S.K.: 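Before we start, here is the structure in question, set down as structure tokens.
Remember, predicted model here, so these are calculated numbers, not experimental data. One-based numbering, in listed order, for ligands and for the atoms of each.
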Amino acid sequence: ALSMCGLAKEYQSADYEKKNPWLVSISILRPGRGTETCKGTLVSEKVILTAAHCFTIDDVADQIKVKIGQKNFPVAALKSHPEYTVGKLRNLGIPEFYDYDVALLTLKDKITFSAEARPICLPCTAGTTRALRRPHPQTTCREHEQELMSFGNIPALFLTPCREKHENTVGLRRRTVRIKNSDKKQSCEADAKKAKQYKNVTEVSQVVTERFLCTGGIEPEVDPNTCKGDSGGPLIIAKRMRYIQVGVISWGVVDVCGKNLRTCDSDNILERAPSHARDFHINLFKVLPWLRQELREEGLDFI
Ligand SMILES: Cc1cc(Br)c(Nc2ncc[nH]2)c2c(Cl)c[nH]c12
């Protein structure tokens, strides 16, 4: 049977690889310049979705290490979105521009799905129609967007590493945020100008384009924030224990983490982040033509 996307072990004692079997850790080895780490998601038997800004023009596939569950997988190819151009606005004094900040890694070999390695659901695929318990093929892509991204501030979640208090191991925590999609959208986007890299931004729409979803801040509730290392990770909407990825974590206004990991226990919920600490994610509904094209042979059955 077609593998079911967005399905995870839910029992409390399951380790985090089983609770988030699509989460991929990506390390890019740069001889003499250390290693950059990013996150990504498994979207088919051999393709990983992540952020384009994790890579530089000189990175080649064999420098990239991918870990899913506890296993490492070699990478065959890296392809960033053709419209991603980080230096596009340099002449306006804007050093980093994250429009179309998405990329796909293709693994050398197909992965056998297991409790530790399973794909997440992507918008406008038959898998998401099934996950939403809607009739296939009658259900349309527009209906996916209406059901998932309807009006209002949409509850969503992202995953961030944390330090297990007692052992010295790294855990993973689901953090709930609200996608500001209505009355709070304007003020969410306006805070982009408070990023130190964006002091020369005159018009917010220069850096917050149509491709972005905005989370963070303290209205209607305090949202946790991403860290740089979360780049490329998923922004997920959970519907009846099925998980659908609607965004890719791209950039944020304040790097609330710095070097030290936050502890996993939930007592430090009251983050010290300022109200203008916002995060911006590439909206997968806005890069569908590219996803369809690049994933056309992955058996995802786009609708
Ligand atoms: C997830 C993430 C990525 C990047 Br790149 C950051 N850096 C940045 N944002 C604006 C310009 N550069 C941040 C910050 Cl800051 C917080 N979270 C981030």
Side-chain angles (χ1 to χ4, degrees), residues 23-28 30 33-41 49-57 59 80-81 84-90 92-103 156-162 172-180 188-209 211-218 222-236 245-262 271-284:
L23 192 73
V24 177
S25 286
I26 300 168
S27 314
I28 304 113
R30 297 201 177 110
R33 285 173 42 222
T35 301
E36 168 146 17
T37 57
C38 273
K39 294 289 185 291
T41 44
L49 174 60
T50 182
H53 83 252
C54 297
F55 309 99
T56 65
I57 194 83
D59 289 336
S80 294
H81 193 289
Y84 171 70
T85 321
V86 68
K88 189 172 181 185
L89 305 180
R90 255 194 204 112
L92 297 177
I94 297 167
E96 304 157 25
F97 180 51
Y98 291 109
D99 202 8
Y100 293 100
D101 185 13
V102 282
L157 65 97
F158 69 87
L159 304 162
T160 195
C162 54
L172 199 72
R173 216 164 73 169
R174 283 185 188 167
R175 310 305 307 276
T176 300
V177 290
R178 268 120 318 241
I179 301 173
K180 304 321 185 261
C188 194
E189 297 183 348
D191 282 334
K193 287 174 71 170
K194 294 181 178 142
K196 59 181 187 310
Q197 298 85 346
Y198 291 156
K199 58 185 183 310
N200 295 328
V201 167
T202 51
E203 186 34 59
V204 169
S205 59
Q206 287 175 287
V207 289
V208 184
T209 63
R211 263 61 64 194
F212 289 102
L213 297 169
C214 191
T215 65
I218 57 174
V222 176
D223 272 2
N225 294 103
T226 68
C227 302
K228 286 208 173 197
D230 298 331
S231 296
L235 185 64
I236 296 169
Q245 181 171 358
V246 295
V248 173
I249 297 174
S250 175
W251 58 279
V253 174
V254 177
D255 192 7
V256 294
C257 304
K259 292 290 156 269
N260 52 344
L261 275 185
R262 291 167 286 190
E271 310 286 331
R272 294 164 301 287
S275 65
H276 65 269
R278 308 292 194 162
D279 293 303
F280 295 86
H281 318 260
I282 295 291
N283 180 349
L284 293 184

S.K.: Can you list the atoms of ligand 1 that are under 4.0 Å from a heavy atom of H53?
M.R.: 5 (Br)
S.K.: Report the C-alpha separation of D59 and R30 in whole Å, then their side-chain angles, then the decisive distance to 0.1 Å, and conclude whether the salt bridge (Lys or Arg N to Asp or Glu O under 4.0 Å) test is met.
M.R.: CA-CA 8 Å; D59 289 336; R30 297 201 177 110; 2.6 Å; yes
S.K.: I'd like to know whether ligand 1 has T226 as a neighbour, heavy-atom separation below 4.0 Å.
M.R.: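 Yes, that is the case, since the closest heavy atom of the residue is under 4.0 Å from the ligand.
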S.K.: Indicate whether any N or O donor in one side chain lies under 3.5 Å from an N or O acceptor in the other, for T226 and D279.
M.R.: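 Yes, a side-chain donor-acceptor pair sits under 3.5 Å.
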S.K.: Does G229 have a non-hydrogen atom less than 4.0 Å from ligand 1?
M.R.: no
S.K.: Are I282 and F212 close enough that some pair of their side-chain heavy atoms sits under 4.5 Å apart?
M.R.: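 Yes, at least one pair of side-chain atoms sits under 4.5 Å.
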S.K.: When you check the gap from the basic side-chain N to the acidic O, do D230 and R175 get nearer than 4.0 Å?
M.R.: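 Here D230 does not pair with R175 in a salt bridge, since their nearest N and O are not under 4.0 Å apart.
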S.K.: Would you mind checking if R211 and D99 are paired as a salt bridge, meaning a charged N to carboxylate O distance below 4.0 Å?
M.R.: yes
S.K.: Could you identify the single nearest non-hydrogen protein atom to atom 1 (C) of ligand 1 and state the distance to 0.1 Å?
M.R.: C227 O, 3.3 Å
S.K.: Run Q206 and L92 through side chain to side chain contact (heavy atoms under 4.5 Å, CB included) and show every step you take.
M.R.: CA-CA 10 Å; Q206 287 175 287; L92 297 177; 3.5 Å; yes
S.K.: Which option wins on minimum heavy-atom distance to atom 8 (C) of ligand 1: R278, K196, Q197, H281?
M.R.: Q197
S.K.: Mind checking whether F280 and W251 have parallel, tilted or perpendicular rings, split at 30° and 60°?
M.R.: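 Parallel.
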S.K.: Please could you name the atoms of ligand 1 that Y98 approaches to less than 4.0 Å, counting only its heavy atoms?
M.R.: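 Selected atoms, number and element: 5 (Br), 11 (C), 12 (N).
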S.K.: Who's closest to atom 15 (Cl) of ligand 1 heavy-atom-wise, of C54, A273, G252?
M.R.: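 Nearest option to atom 15 (Cl) of ligand 1, by heavy atoms: G252.
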S.K.: I want to know if ligand 1 touches S231 in the polar sense, i.e. an N/O pair below 3.5 angstrom.
M.R.: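 So ligand 1 has no N or O lying under 3.5 Å from an N or O of S231.
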S.K.: Give the residue and atom name of whichever protein heavy atom lies nearest to atom 16 (C) of ligand 1, and the separation in Å to one decimal.
M.R.: V254 O, 3.4 Å
S.K.: Mind checking whether K228 contacts ligand 1 via backbone (N, CA, C, O), side chain (CB onward), both or neither, at a 4.0 Å heavy-atom cut-off?
M.R.: both
S.K.: Got a donor-acceptor contact below 3.5 angstrom from the K193 side chain to the Y198 backbone?
M.R.: no
S.K.: What do you reckon, does W251 have a nitrogen or oxygen under 3.5 Å from a nitrogen or oxygen of ligand 1?
M.R.: no
S.K.: Among all the protein's non-hydrogen atoms, which is closest to atom 12 (N) of ligand 1, and how far away is it?
M.R.: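 Heavy-atom neighbour on the protein nearest atom 12 (N) of ligand 1: E96 OE1, 2.7 Å.
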